[in-house]
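One structure is given below, encoded as structure tokens.
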2 protein chains.
Amino acid sequence: MLEKIFGQVLKNLRENTGVTQEILALNSELDRTYISLLERGLRTPTIATLFKMAPTLKKMPSEIIAIVEQKLNEDRV
Amino acid sequence: MLEKIFGQVLKNLRENTGVTQEILALNSELDRTYISLLERGLRTPTIATLFKMAPTLKKMPSEIIAIVEQKLNEDRV
DNA sequence: ATGTGACTCTAAGTCCGTC
DNA sequence: GGACGGACTTAGAGTCACA
């Protein structure tokens, strides 16, 4: 569940930032296909991975987590 | 670096909550020794682990991450 | 530009125990 | 009550070829 939500949030943030998976991957020193895995909810990132991606998404890591919290609550309704 | 900071934050939060490593572990469905590893900065948790521990620490996951962000900035001085 | 399968390798996380 | 170690299992990290 958490992975799915995180993946959706990540995808939304990335698209809102107007950046491709590839650019995000390059900026974060991650692999393009790994970003794909995350967005599809097939991986649960460590907080280290979260901190790597945050700058490119122009969000603080805590802001990203806060969005995930909100979505988790929404889906609980 | 991130692990060290996270470990410090975790330990502080836990002690402020007045809970032992063991209680935190039981409540979070994690292992007692793993909490110890985290507090000593020897492991980087996944966000799933973060979400598991947060309720017992009486903080939102995003709040915990926010504290980590602050500490990271302080240490950067 | 992205999804996906098929990996390998490393780290997350458990369970046993002692000090 | 917590540090620490060994041995372990599982899952994330990280990569590649191809559709």
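Reminder, nothing fancy here: chain letters follow the sequence lines and each chain counts from 1.
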What do the steps show when you test A/Ile64 against A/Met53 for side-chain contact (heavy atoms from CB on, under 4.5 Å), and what is the final call? CA-CA 10 Å; A/Ile64 300 175; A/Met53 294 187 293; 5.9 Å; no
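- Atom-to-atom, CG of A/Leu37 to P of C/dT4 comes out at 10 Å; the value is rounded to the nearest Å.
- Put simply, CD1 on B/Ile35 is 11 Å from P on D/dA3, counting in whole angstrom units.
- Two residues are said to be in side-chain contact when any heavy atoms from C-beta on lie closer than 4.5 Å; B/Ile5 and B/Ile67 fail this criterion.
- Residue B/Tyr34 contributes atom OH, which lies 17 Å from atom P of D/dT10 at whole-angstrom precision.
- The side chain of B/Arg40 lies closest to D/dA3, out of D/dA3, D/dT15, D/dG2.
- Other residues, nucleotides and ligands contribute more than 12 heavy atoms inside 6.0 Å of the CD atom of A/Glu15.
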Take A/Asn12 and A/Lys71 through the test side-chain contact (heavy atoms from CB on, under 4.5 Å) and record every step on the way to the result. CA-CA 12 Å; A/Asn12 282 341; A/Lys71 284 231 175 189; 3.6 Å; yes
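- The CD atom of A/Glu15 sits 11 Å away from the C1' atom of C/dA1 (whole-angstrom rounding).
- Between the CD atom of B/Glu39 and the C1' atom of D/dG2 there is a distance of 9 Å, given to the nearest Å.
- For DNA chain C, the residues of residues 22-32 of chain A within the heavy-atom distance limit of 4.0 Å (strictly under) are A/Glu22, A/Arg32, sorted by number.
- Using a 4.0 Å heavy-atom cutoff across all strands shown, A/Lys52 reaches sugar-phosphate atoms only and no base atom.
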What's the verdict on side-chain contact (heavy atoms from CB on, under 4.5 Å) for B/Lys11 and B/Gln8, showing C-alpha distance, side-chain angles and the deciding distance? CA-CA 5 Å; B/Lys11 183 167 188 172; B/Gln8 290 169 21; 5.9 Å; no
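- Between B/Thr46 and C/dG13 there is a side-chain N or O to OP1 or OP2 distance below 4.0 Å.
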Under the side-chain contact (heavy atoms from CB on, under 4.5 Å) criterion, do A/Thr56 and A/Thr17 qualify, and how do the steps go? CA-CA 8 Å; A/Thr56 301; A/Thr17 315; 5.6 Å; no
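- Proximity note for B/Thr44 (side chain, C-beta onward) versus D/dG12, C/dT2, C/dA12: the nearest is C/dA12.
- Side chain of A/Gln21, nearest nucleotide from C/dT2, D/dA3, C/dT14: C/dT2.
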Apply the test side chain to side chain donor-acceptor pair (under 3.5 Å) to residues B/Ser36 and B/Thr33: give CA-CA distance (whole Å), side-chain angles for both, the deciding distance (0.1 Å), then the verdict. CA-CA 5 Å; B/Ser36 174; B/Thr33 63; over 6 Å; no
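- We find that CG of A/Leu42 is positioned 12 Å from C1' of C/dG5, with the value rounded to whole Å.
- Whole-Å rounding puts the B/Leu50 CG to D/dG12 C1' distance at 16 Å.
- Of the candidate nucleotides C/dG17, D/dC16, C/dC7, D/dC16 has the atom nearest to the side chain of A/Thr33.
- Where B/Arg43 and A/Pro45 each meet DNA chain D at their nearest nucleotide, the meeting point lying more 5' is that of B/Arg43.
- A/Ser36 comes within contact range of at least one nucleobase, with a heavy-atom separation under 4.0 Å.
- Across all strands shown, D/dG1 forms no Watson-Crick or G-U wobble pair with both key distances under 3.5 Å.
- One interatomic measurement links the two molecules: CD1 of B/Ile47 to P of D/dG12, which rounds to 10 Å at whole-angstrom precision.
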